[in-house]
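Quick caveat, the model's predicted, so the values are computed rather than measured.
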Amino acid sequence: LNCTIDVITNQIQATNKQIFDDLKNSIVQFMNNRKWVSGEVSPNEKINCNIVFEITKFDIDFFEANVNIQSSRTVYNSAYNTKVFSYLDNGVSFKYAQFQALEYQENSFTNNLTSLLAFYANIIIGLDFDTYQLYGGDPYFSKALNIRDVANAGTQQGGGWHSGAGNGSRNKYFLIDNLLDPRFKPLRSAMYRYHIKGLDVMHEELESGRSEVYESVKDLNKVFQALPNAYMLKLFFSAKSDELVQIFSKANPSQKTKIVELLGKMDPSNRGRYEEGILKARN
């Protein structure tokens with residue numbers, strides 16, 4: 001991973017904030033120095049991601065935070081980075097003492113912080129692999145599931161590992177359940193098609209690539225018809241809504257109408273943006 005970390009402490013009145021700098025440095029080393037995949041990885045193959053810890057409570061070695069995780073991947077033969085994952089994990093709690101080494105073992109629970117980081121590292125890698133190979137993320141999603149289950153068994157303190165944590169199904173428990181749920185396979189295959197057959201060919205075959213992106217959105221409709229309130233769909237559009245406007249703002253009128261109809265149905269909160277940015281855009 002090539003992971004940048006931000007620790008925001010605007011809500012904290014502590015006079016000595018050195019511990020937050022130490023926390024940031026420890027997380028950077030944990031994420032970027034650990035070998036998360038087998039085989040050799042060249043520097044240009046590392047996955048770009050960013051994790052923001054907004055600290056909301058702090059007492060000696062106890063932290064509560066809202067954690068924002070994002071990852072992206074480079075589109076083939078371009079300098080453009082496309083967002084793959086965008087997720088907000090609210091109300092996370094963990095303990096960290098200044099200068100503490102972050103210890104982690106795959107099959108045993110050490111603490112909430114390292115379990116959280118390892119969980120999202122595997123989610124990020126799994127989703128990235130899904131964009132290059134059909135269901136290529138399965139091994140990493142299986143690891144994330146194991147981390148969740150080990151953490152559930154190992155702690156009763158916060159962390160959001162159990163099914164009732166957070167806001168309904170918007171938590172780590174259901175995030176990994178959904179990614180491994182066969183009902184969401186059309187979404188994962190759509191991610192593969194969207195990137196490999198869509199974005200990655202647009203530098204040479206613009207219309208062909210745009211058509212594949214359109215077909216991948218149609219594939220998402222299979223999930224929508226079966227599970228119209230699925231949070232996984234919301235996560236997809238959270239990452240891709242702006243990009244979809246850019247892609248289809250230059251499409252032909254017929255394709256514009258069809259894509260806005262599809263997007264407006266599946267992502268109604270952004271319907272106005274799709275109508276304004278796609279239908280009313282000049283070619």
Side-chain angles (χ1 to χ4, degrees), residues 49-50 66 68-73 75 80-90 123-124 126-128 130-131 137 166-172 174-200 202 207 209-283:
C49 53
N50 174 243
N66 298 326
N68 194 320
I69 307 101
Q70 294 193 355
S71 68
S72 62
R73 78 124 64 202
V75 171
Y80 176 67
N81 286 303
T82 178
K83 193 185 296 183
V84 174
F85 183 50
S86 180
Y87 188 76
L88 180 61
D89 192 349
N90 284 326
I123 294 290
I124 288 167
L127 288 170
D128 194 79
D130 263 8
T131 70
N167 182 11
S169 61
R170 302 182 181 188
N171 57 41
K172 292 186 286 296
F174 286 109
L175 173 62
I176 187 57
D177 261 16
N178 287 177
L179 284 167
L180 289 169
D181 189 327
R183 294 176 298 175
F184 288 95
K185 280 202 165 184
L187 187 149
R188 291 179 59 197
S189 64
M191 284 285 285
Y192 169 75
R193 186 173 192 174
Y194 183 105
H195 292 89
I196 284 288
K197 297 183 178 181
L199 294 186
D200 281 350
M202 290 182 79
E207 292 305 323
R210 183 155 43 212
S211 293
E212 289 293 339
V213 171
Y214 171 73
E215 292 298 325
S216 71
V217 174
K218 283 177 64 178
D219 290 341
L220 292 178
N221 195 43
K222 299 172 186 175
V223 176
F224 177 78
Q225 288 175 337
L227 302 159
N229 297 314
Y231 188 52
M232 288 302 301
L233 286 172
K234 293 179 173 62
L235 287 181
F236 176 88
F237 291 116
S238 174
K240 298 299 189 184
S241 58
D242 289 339
E243 186 171 85
L244 287 163
V245 169
Q246 293 177 352
I247 291 171
F248 290 100
S249 62
K250 301 296 184 182
N252 64 63
S254 174
Q255 196 175 49
K256 283 184 175 185
T257 301
K258 291 176 181 177
I259 194 67
V260 168
E261 181 181 351
L262 269 173
L263 293 173
K265 178 175 65 175
M266 289 188 285
D267 187 23
S269 63
N270 285 316
R271 177 186 289 273
R273 184 144 54 116
Y274 295 133
E275 291 175 347
E276 184 71 25
I278 297 175
L279 286 180
K280 297 181 181 181
R282 293 183 179 181
N283 286 14

Peer 1: Considering the options R210, E212, K218, which one meets the side-chain contact (heavy atoms from CB on, under 4.5 Å) requirement together with Y214?
Peer 2: K218
Peer 1: With heavy-atom distances below 4.5 Å as the criterion, would you say the side chains of L179 and L127 are in contact?
Peer 2: yes
Peer 1: Let me confirm one number: the OG-CG distance from S216 to N221, rounded to the nearest 0.5 Å.
Peer 2: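 One finds 12.0 Å between OG of S216 and CG of N221.
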Peer 1: Distance check, rounded to the nearest 0.5 Å: I69 atom CD1 versus N50 atom CG?
Peer 2: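 Answer for the CD1-CG pair, I69 versus N50, is 10.0 Å.
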Peer 1: Side chains of R193 and D219: does their closest heavy-atom pair fall under 4.5 Å?
Peer 2: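 They are in contact (side-chain heavy atoms under 4.5 Å apart), so the answer is yes.
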Peer 1: Can you tell if the side chain of E243 reaches within under 4.5 Å of the side chain of V213, non-hydrogen atoms only?
Peer 2: no
Peer 1: Would you mind reporting whether I123 and I176 have side-chain heavy atoms less than 4.5 Å apart?
Peer 2: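 Side chain of I176 against side chain of I123, heavy atoms only: contact under 4.5 Å found.
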Peer 1: Which heavy atom in Y274 sits nearest to a heavy atom in V260, and how many Å separate them?
Peer 2: O-CG2, 3.8 Å
Peer 1: With D200, which residues qualify under side chain to side chain contact (heavy atoms under 4.5 Å, CB included), at least two apart?
Peer 2: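 Partners of D200 by the side chain to side chain contact (heavy atoms under 4.5 Å, CB included) criterion, ordered by chain and then number, come out as R73, V75, Y76, I196.
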Peer 1: Are the side chain of N270 and the backbone N or O of R273 linked by a donor-acceptor pair below 3.5 Å?
Peer 2: no
Peer 1: As an exercise, state the distance from CG of D181 to CG of D177, rounded to the nearest 0.5 Å.
Peer 2: 7.5 Å
Peer 1: Atom OG1 of T131 and atom CZ of R188: how far apart are they, to the nearest 0.5 Å?
Peer 2: 11.5 Å
Peer 1: Please give me the minimum heavy-atom distance between Q70 and S86, naming the atom from each residue.
Peer 2: NE2-OG, 3.4 Å
Peer 1: Does the side chain of K240 pick up a donor-acceptor pair with the side chain of T82 at under 3.5 Å?
Peer 2: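 Side-chain D/A pair, K240 to T82: present.
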Peer 1: Working to the nearest 0.5 Å, report the span between CZ of F184 and CZ of F236.
Peer 2: 13.5 Å
Peer 1: Roughly how far, to the nearest 0.5 Å, is the CD1 atom of I259 from the CD1 atom of I278?
Peer 2: 6.5 Å
Peer 1: Does I247 reach the side chain of L199, with side-chain heavy atoms less than 4.5 Å apart?
Peer 2: yes
Peer 1: Side-chain contact test, heavy atoms from C-beta onward, threshold under 4.5 Å: evaluate it for L235 versus L175 and give yes or no.
Peer 2: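 Yes, close enough: below the 4.5 Å cut-off.
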Peer 1: Less than 4.5 Å apart, any side-chain heavy atom of Y194 and any of L244?
Peer 2: yes
Peer 1: So D128 and S71, do their side chains get closer than 4.5 Å, heavy atoms only?
Peer 2: no
Peer 1: Are the side chain of S211 and the backbone of E207 linked by a donor-acceptor contact shorter than 3.5 Å?
Peer 2: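 A pair under 3.5 Å: yes.
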